[in-house]
Visitor: 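I'd like to ask some things about the structure below.
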There are 2 protein chains.
Amino acid sequence: MLNIHEKIPLATTSAACCDELPALRLASDEAQQLAQMFKALGQPVRLQIVDILSRFGGKVCVCDIESQFDLTQPTISHHLKALREAGLVDYEMRGLWAYYFVRPAQLQQLRMLVGEWIGGQPT
Amino acid sequence: MLNIHEKIPLATTSAACCDELPALRLASDEAQQLAQMFKALGQPVRLQIVDILSRFGGKVCVCDIESQFDLTQPTISHHLKALREAGLVDYEMRGLWAYYFVRPAQLQQLRMLVGEWIGGQPT
DNA sequence: ACTCTATATAGATAAATGTCAATATAGCAA
DNA sequence: TTGCTATATTGACATTTATCTATATAGAGT
């Protein structure tokens with residue numbers, strides 16, 4: 001039950017502050033990068049794309065991804081780009097086809113962070 | 001290396017489709033809910049708020065959260081609302097003060113999903 | 001009853017996002 | 001070379017988002 005104002009008369013406005021609450025552990029740039037990964041997953045279509053790639057566990061042709069959604073090709077391409085820029089997936093060209101796959105190390109980063117968060121607590 | 005068109009003459013346009021790629025495992029509404037959690041974490045300020053609450057491991061006064069950021073009170077309030085609506089945090093009023101805390105079960109859901117994704121693969 | 005304080009809500013605004021239609025790019029096939 | 005195919009890029013547009021200022025709400029102290 002943390003509260004900087006606890007036991008300080010209500011009238012007092014700016015109280016000496018918060019050595020109890022540790023400063024941000026996530027440096028701003030680190031938070032930026034992690035947030036970009038979460039954000040990429042924070043869109044149902046992209047979440048499902050990552051789910052497809054992860055569960056298939058290999059390289060999947062864009063055409064197969066497209067066929068799972070009722071969206072235009074440019075829209076899928078746009079979402080794939082967002083996932084690439086977040087570092088969550090990568091791809092490889094083979095002739096005309098592009099094969100996408102997840103980057104497990106990046107997913108691992110997310111799992112580790114969330115794991116640290118709930119590490120101490122009972123489920 | 002999945003590709004519905006593999007070994008089908010290029011000229012052929014609509015090929016018989018994709019029984020190899022399993023249908024979406026994440027139902028649309030499930031994806032919606034999970035995506036909302038990821039989206040909530042996909043904003044650096046909210047990510048840091050959750051990090052603060054998780055690492056402190058208890059209930060934290062809004063005033064203490066505000067003091068960590070260079071943002072106005074309504075902006076922090078707005079982000080807390082987004083986290084609440086995603087189900088990631090909850091709060092409790094005590095007099096004038098609101099004490100926020102994480103909901104570990106929801107975080108657990110995220111960790112489980114990501115864990116399933118990378119489960120088979122080497123890190 | 002009045003005032004002060006902590007938090008939430010409303011309204012405004014600039015910026016970012018998701019989608020589509022149209023076009024570009026580049027490999028393959030005839 | 002000419003045309004077809006898979007994917008990416010561009011540009012437009014409506015929606016959502018992050019932020020602020022101003023205001024509302026409601027508990028506490030006097």
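In what follows, chains carry the letters A, B, and so on, assigned in the order in which the sequence lines appear, proteins first and then strands, with residues in each chain numbered from 1. Note that the structure is predicted; figures quoted are calculated from it, not measured.
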Visitor: Can you tell me the distance, in whole Å, between the CG atom of B:Leu96 and the P atom of C:dA8?
Guide: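 Nearest whole value for this atom pair: 12 Å.
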Visitor: Side-chain N or O of A:Gln43 versus OP1/OP2 of C:dT19: is the shortest distance under 4.0 Å?
Guide: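 So the side-chain polar atoms of A:Gln43 do come within 4.0 Å of the phosphate oxygens OP1 or OP2 of C:dT19, strictly under.
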Visitor: State the CE-CG distance between B:Met37 and A:Leu41, to the nearest 0.5 angstrom.
Guide: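 Result: 12.0 Å between the selected atoms.
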Visitor: Return each pair, listed once, that meets salt bridge (charged side-chain N to carboxylate O under 4.0 Å, His left out) where at least one residue sits in residues 71-88 of chain A; pairs must be two or more places apart or across chains.
Guide: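 Of all non-adjacent pairs touching residues 71-88 of chain A, none passes salt bridge (charged side-chain N to carboxylate O under 4.0 Å, His left out).
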Visitor: May I ask you to evaluate whether A:Arg46 reaches the phosphate of C:dG18, defined as a side-chain N or O under 4.0 Å from OP1 or OP2?
Guide: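 For C:dG18, OP1 or OP2 has a side-chain N or O of A:Arg46 closer than 4.0 Å.
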Visitor: In terms of side-chain heavy atoms of B:Thr72, which of D:dC20, C:dT19, C:dT7 is nearest?
Guide: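 Nearest to the side chain of B:Thr72 among the choices is D:dC20.
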Visitor: Of the candidate nucleotides C:dA8, C:dT19, C:dC20, which contains the atom at the shortest distance from the side chain of B:Arg84?
Guide: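 Taking heavy atoms from C-beta onward, the closest nucleotide is C:dA8.
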Visitor: Listed by chain and number, what are the ring-ring contact (aromatic ring centres under 6.0 Å, His included) partners of B:Tyr91, not counting sequence neighbours?
Guide: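 Expected list: B:Tyr100.
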Visitor: Check the distance between D:dT21's P and B:Leu71's CG and give it to me in whole angstrom.
Guide: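 Rounding to the nearest Å, CG of B:Leu71 and P of D:dT21 are 11 Å apart.
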Visitor: Using side-chain contact (heavy atoms from CB on, under 4.5 Å) as the criterion, list what pairs up with B:Ala82, not counting sequence neighbours.
Guide: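 In terms of side-chain contact (heavy atoms from CB on, under 4.5 Å), with neighbours along the sequence ignored, B:Ala82 is linked to B:Arg46.
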Visitor: I'd like to know if B:Ile118 and A:Val102 are part of one continuous hydrophobic network [Ile/Leu/Val/Met/Phe/Trp/Tyr, side-chain heavy atoms within less than 4.5 Å].
Guide: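 Yes, A:Val102 connects to B:Ile118 through the hydrophobic network.
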Visitor: What is the distance from CH2 of A:Trp97 to C1' of C:dG27, rounded to the nearest Å?
Guide: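 After rounding, the gap between these two atoms is 11 Å.
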Visitor: Contacts to DNA chain D from residues 74-83 of chain B, heavy-atom cutoff under 4.0 Å, which residues?
Guide: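 Heavy-atom cutoff 4.0 Å gives B:Pro74, B:Thr75, B:His78, B:His79.
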Visitor: How would you list, by chain and number, every residue that makes a side-chain contact (heavy atoms from CB on, under 4.5 Å) with B:Glu66, sequence neighbours excluded?
Guide: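 B:Glu66 satisfies side-chain contact (heavy atoms from CB on, under 4.5 Å) with B:Val62, B:Gln73, B:Ile76 only.
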Visitor: Measure from CD1 on A:Ile49 to P on C:dG18 and round the result to the nearest Å.
Guide: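 After rounding, the gap between these two atoms is 11 Å.
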Visitor: Would you say A:Ser54's side chain and A:Asp51's backbone share a donor-acceptor pair under 3.5 angstrom?
Guide: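 Absent.
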Visitor: Give a yes or no on whether a donor-acceptor pair under 3.5 Å exists between the nucleobase atoms of D:dA8, that is its base, and the side chain of A:Gln73.
Guide: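 Side chain to base: pair present.
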Visitor: How many whole angstroms separate atom CE of B:Met93 from atom P of C:dA6?
Guide: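 These atoms are roughly 12 Å apart.
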Visitor: Among D:dC20, C:dT17, D:dT7, which is the nearest nucleotide to the side chain of A:Lys39?
Guide: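 Minimum distance to the A:Lys39 side chain belongs to C:dT17.
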Visitor: With respect to the side chain of B:Tyr91, which nucleotide from D:dT5, C:dG18, C:dA8 is positioned closest?
Guide: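 Nearest nucleotide to the side chain: C:dA8.
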Visitor: Have a look at the helix from C:dA1-D:dT30 to C:dA30-D:dT1 and give the angle its two end axes make, five pairs each, rounded to 10 degrees.
Guide: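 So the angle between the two local helix axes works out to 20°.
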Visitor: Report yes if at least one side-chain N or O of A:Tyr100 is closer than 4.0 Å to OP1 or OP2 of D:dA8; otherwise report no.
Guide: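 Yes, A:Tyr100 has a side-chain N/O under 4.0 Å of OP1/OP2 on D:dA8.
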Visitor: Nearest 0.5 Å, please: how far is CD in B:Gln108 from CZ in B:Arg103?
Guide: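 CD of B:Gln108 is found 13.5 Å from CZ of B:Arg103.
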Visitor: Take atom CG of B:Asp70 and atom C1' of D:dA18, then tell me their distance rounded to the nearest Å.
Guide: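 So the CG-C1' distance, B:Asp70 to D:dA18, works out to 15 Å.
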Visitor: Which pairs, with at least one residue in residues 88-100 of chain A and sequence neighbours excluded, count as a salt bridge (charged side-chain N to carboxylate O under 4.0 Å, His left out)?
Guide: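 Passing the test, one end in residues 88-100 of chain A: A:Lys59-A:Glu92, A:Glu92-A:Arg94.
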